[in-house]
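Working notes, structure below.
All chains are named by letter (A, B, ...) in the order of the sequence lines, taking the proteins before the strands, and each is independently numbered beginning at 1.
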Protein chains: 2
Amino acid sequence: MRQPGAGQTRRRGAALEEAILRAAVDELTESGYAGLTMDKVAARAGTNKNAIYRRWPNRLALGIAAYRQLATTVPPPDTGSLRGDVLELLRQANRHWSSPLGAILRELLSAAGGTSELLAQLQEQPGDAAAAPWLTTLGRAVARGEAAPEALHPRVATVAIVLLRNEFVVRGVPTAPDDVLVEIVDEVYLPLVRRLGPSPS
Amino acid sequence: MRQPGAGQTRRRGAALEEAILRAAVDELTESGYAGLTMDKVAARAGTNKNAIYRRWPNRLALGIAAYRQLATTVPPPDTGSLRGDVLELLRQANRHWSSPLGAILRELLSAAGGTSELLAQLQEQPGDAAAAPWLTTLGRAVARGEAAPEALHPRVATVAIVLLRNEFVVRGVPTAPDDVLVEIVDEVYLPLVRRLGPSPS
DNA sequence: GATTTACGGTACTCGCCGTACCTTAATTGC
DNA sequence: GCAATTAAGGTACGGCGAGTACCGTAAATC
């Protein structure tokens, strides 16, 4: 069917699913989520919308699935100092959010609105506020005596990335200037995790 | 035209504009932004879409204008202690985001996506991360010696509300449990602004 | 009273999601 | 191997809502 004349191969199951996902990924990178239409994906995959709707309940779910194909995890940095690690993590995130891929992520987050299930799938993606790398980094800093043990807490550890994220999501910034990252680190994050004064409570 | 038979009064200018906005507000409160359609607003205002599009460029702009009618500003609390003030500010915000009005705000933020001009209009609305009340509150605390003067900085002062906002926008939570607010205050905000240790840099 | 402005009415285009229904190929079971 | 079952392909539509176009007509302006 793909090539008339060639042995008419009608794809099924996993093969077809991969083809659809590939097509969705391509559409997503070319046109963003806004331009991702079910008809175009179907056409590109050489199939029709039925096959898609049999696998994903709606456009958003397909978009998220396609995004997850694209996103790749990078290992957390280890520069030897907390400040270096944190700045590098923020810079990585900043680059990601500023990239085309980041733009897509923002579109998806926007489209997901308050749909928690789907939101959760995006949560732990690169560039987003995944807690794991922050806890790792901060754990090393605590071991080196650069941070207070009380800081080893998801809410505290992720403060920096949440603030950066706020710049994007809330203020619609295309790219955060590096000053902002430095300010977040020096004015907020380091004073917080060092916490040399008496602890609260 | 409103009432056939009555003196046919055709509204113009400000009168018509107010009627449209009132209709939009009503639709917004009844059906949320998702249910706010131009046709329904026009019908409710007893006019047609032309009159709306002459005043607002698109649905989102109308939605935001209508929301701004609804939102009201509350004076910042003054409980005498920083912890009390901050907790109260967070609780106010939590109530607002959890209320129907807050749901509408979330819809609008989601719909605004990365459109900075429109985003800016929502920024300083009640419940959102407006910097002013936080600086006021923190200023009083500094005067009382409860907080370090270096903390009197928008990025630092608004950390608490940004974190709470993150709970909603990112995690899609309907209401943040009070524990979370307390945690934000005691684990993050107070340690940060007290900053009893040596300042960075 | 004539001219300009803007409202009301209506109808339409367009895009695109999601569904329905049927035909036909591939797979599975016997 | 052959029948029964499952899943693709093809196509057509319903539905909805945004935004636009046009035109006749009331209200403001001068």
Nearest-angstrom distance from the residue atom [atom1] of [X] to [atom2] of [N]:
X: A/Y53; N: D/dG14; atom1: OH; atom2: C1'; result: 13 Å
X: A/W56; N: C/dG18; atom1: CH2; atom2: C1'; result: 16 Å
X: A/K40; N: C/dG18; atom1: NZ; atom2: P; result: 16 Å
X: B/L62; N: D/dG19; atom1: CG; atom2: P; result: 10 Å
X: B/D39; N: C/dT13; atom1: CG; atom2: C1'; result: 14 Å

Please classify the nucleic acid contact of A/N58 as base, sugar-phosphate, or nothing, using heavy-atom distances under 4.0 Å.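 Sugar-phosphate, backbone atoms only, no base.
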
Identify whether any heavy atom of B/L60 sits under 4.0 Å from a base atom; if not, whether one sits that close to sugar-phosphate; answer base, sugar-phosphate or nothing.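 Nothing, no nucleic acid heavy atom in range.
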
Under 6.0 Å from the six-membered ring centre of A/Y33 and within 45° of its axis: does the NZ or CZ of A/R59 meet both?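 That pair qualifies as a cation-pi contact.
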
Judged by atom type as modelled, is there a donor-acceptor pair below 3.5 Å linking the side chain of B/K40 to the main-chain atoms of B/G35?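 Checking the backbone N and O of B/G35 against the side chain of B/K40, a donor-acceptor pair under 3.5 Å is found.
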
Polar side-chain atom of B/D85 near backbone of B/T137 as donor-acceptor pair, under 3.5 Å: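 No, the answer is negative, given that no donor and acceptor are paired below the 3.5 Å cut-off.
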
Of the nucleotides [options], which has the atom closest to the [X] side chain?
X: A/N48; options: C/dG8, C/dC17, D/dG10; answer: D/dG10
X: B/R55; options: C/dC17, D/dG17, C/dC7; answer: C/dC7
X: A/L16; options: D/dA8, C/dC17, D/dA18; answer: D/dA8

Base C/dA20 to side chain A/N50, donor-acceptor N/O within 3.5 Å cut-off: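 Between C/dA20 and A/N50, which were checked side chain against base, a qualifying N/O pair under 3.5 Å is present.
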
I'd like to know if B/R10 reaches the base of C/dC7 with its side chain, counting only an N/O donor and acceptor under 3.5 Å.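 It does, because a donor-acceptor pair links the side chain of B/R10 to the base of C/dC7 below 3.5 Å.
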
Return the 5'-most residue of the pair A/K49, A/R54 with respect to DNA chain D, ranking by each residue's nearest nucleotide.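 Final value for this comparison: A/R54.
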
Min side-chain heavy-atom separation A/P100-A/T29 under 4.5 Å: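 No. Closest side-chain heavy atoms not under 4.5 Å.
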
